[in-house]
Amino acid sequence: MADKKHIAMLKKGVKAWNEWRDKNADIIPDLSEANLIEKNLNGANLSKVNLTGADMIGVKLKEANLSGANLSGADLNIANLMWANLVQAQFIQCNLMGAQLTQADLSGADLRAANLRGTNLMGATLNQTDFGSTDLIGANLSGSQAAFANFDGANLTGACLEDWEFNSETRLEEAICDYFYLREKQQERCPSIGIFSMGEFSKLLHGETTET
């Protein structure tokens, strides 16, 4: 459970919270299972904070610093994390369905078994991010960077991969994908008819010979 003192400090507002964090860098705040529904935390310093199991539906976290934070099991349905720093944060089994993660930095983050269905990751930095068994159905990955990322067991069916950047070390061999879109708003479906056969998605992205 969350530390009542830490909850009370957060209620004073982002400015007071950030000043308190600056003066107490040795304290790792505990906001686990806290009710933060629709709270405005734009620009908040939440680095390394324990947010496991927190209820963060609709929370506003624009430009917030969540680097190294633990959000495993938290509910961030339709949350706004645009431009947030999420480097090496833990989102294991976290609900990020429909969240806004435009241009967020998720480098090295752990999103295994998380729900990112319909999530907007446009322009996000996803290098070395772990998406193992993550639900990315219908997610927008256009313009994102996913070098060295792991998508083993992730479901990318219906995702938008316009200008998606990855490298030969990006793990896609065991990713699940019946089809994806080359343009936003479900434009330019690939394959145009039917679905990919097993392993065909990975071969296509890595430039191997395949028929679609």
Side-chain angles (χ1 to χ4, degrees), residues 57-63 75-86 89 91 94-212:
I57 296 173
V59 69
K60 298 175 180 65
L61 289 162
K62 277 175 141 182
E63 300 182 326
D75 190 348
L76 286 108
N77 186 22
I78 64 171
N80 191 337
L81 295 102
M82 293 175 67
W83 307 299
N85 179 357
L86 306 167
F91 292 92
C94 180
N95 180 17
L96 283 154
M97 184 175 178
Q100 288 287 340
L101 286 158
T102 303
Q103 296 185 9
D105 190 345
L106 283 146
S107 301
D110 190 343
L111 286 130
R112 285 175 295 166
N115 180 0
L116 277 81
R117 185 173 291 219
T119 296
N120 189 349
L121 290 153
M122 184 171 62
T125 302
L126 311 173
N127 299 325
Q128 297 183 316
T129 303
D130 192 346
F131 290 101
S133 300
T134 297
D135 185 348
L136 286 157
I137 293 174
N140 184 357
L141 291 153
S142 60
S144 63
Q145 301 172 36
F148 303 98
N150 172 35
F151 289 92
D152 285 350
N155 194 332
L156 287 153
T157 298
C160 177
L161 303 182
E162 180 177 0
D163 297 325
W164 187 42
E165 297 182 17
F166 59 96
N167 64 1
S168 60
E169 299 300 319
T170 301
R171 295 174 62 175
L172 294 162
E173 292 74 20
E174 296 182 28
I176 301 164
C177 186
D178 292 341
Y179 60 90
F180 65 91
Y181 295 98
L182 291 167
R183 296 288 180 268
E184 293 186 65
K185 298 181 180 180
Q186 298 185 338
Q187 300 294 309
E188 295 192 33
R189 187 184 189 274
C190 187
S192 57
I193 300 174
I195 63 175
F196 289 121
S197 59
M198 187 177 295
E200 195 172 15
F201 167 68
S202 174
K203 290 178 180 178
L204 175 66
L205 292 187
H206 283 306
E208 299 178 32
T209 302
T210 183
E211 295 180 2
T212 59

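The analysis underlying the following values was restricted to heavy atoms, covering all of them including side chains, and did not include hydrogens, waters or symmetry mates. Positions are given from 1, in the same order as the sequence printed here.
Between atom OG of residue Ser144 and atom CG of residue Asp163 there is a gap of 10.0 Å, rounded to the nearest 0.5 Å. Annotation: the span from Leu76 atom CG to Asn115 atom CG amounts to 11.0 Å, rounded to 0.5 Å. The structure places CG of Leu81 at 11.5 Å from CG of Asn120, a figure rounded to the nearest 0.5 Å. Note: Gln145 CD to Glu165 CD = 5.0 Å, rounded to the nearest 0.5 Å. In this structure, Asn95 CG and Asp75 CG are separated by 4.5 Å, a value rounded to the nearest 0.5 Å. Between atom CD of residue Glu184 and atom CG of residue Leu161 there is a gap of 11.0 Å, rounded to the nearest 0.5 Å.
Residues meeting the side chain to side chain contact (heavy atoms under 4.5 Å, CB included) test with Arg183, sequence neighbours left out: Glu162, Gln187, Glu188. In this structure, the ring pair (Phe, Tyr, Trp, His ring centres under 6.0 Å) partners of Phe166, at least two apart in sequence or on a different chain, are Trp164, His206. For Asn80, there are no side chain to side chain donor-acceptor pair (under 3.5 Å) partners, not counting sequence neighbours. In this structure Asn167 satisfies the side chain to side chain donor-acceptor pair (under 3.5 Å) test together with Thr170, sequence neighbours excluded.
Within the structure, the side chain to side chain donor-acceptor pair (under 3.5 Å) test picks out the following pairs touching residues 171-182 (sequence neighbours left out): Asp152-Arg171.
Thr119 contributes a side-chain N or O that, together with a main-chain N or O of Leu96, makes up a donor-acceptor pair within less than 3.5 Å.
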Show which side-chain atoms of residues 124-136 pair as donor or acceptor with protein atoms under 3.5 Å away, not counting sequence neighbours.
from   : atom 1 : to     : atom 2 : distance (Å)
Asn127 : OD1    : Ala147 : N      : 2.9
Thr129 : OG1    : Leu106 : O      : 2.6
Thr129 : OG1    : Leu126 : O      : 2.9
Asp130 : OD1    : Gly132 : N      : 2.9
Asp130 : OD1    : Asn150 : ND2    : 2.9
Thr134 : OG1    : Leu111 : O      : 2.4
Thr134 : OG1    : Phe131 : O      : 3.1
Asp135 : OD1    : Ile137 : N      : 3.0
Asp135 : OD2    : Arg117 : NE     : 3.0
Asp135 : OD2    : Arg117 : NH2    : 3.0

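Contact detail for Ala175 and Phe201: the closest heavy-atom pair is CB-CE2, 4.1 Å.
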Step by step, would you call Leu204 with Cys190 a side-chain contact (heavy atoms from CB on, under 4.5 Å)?
CA-CA 10 Å; Leu204 175 66; Cys190 187; 3.6 Å; yes
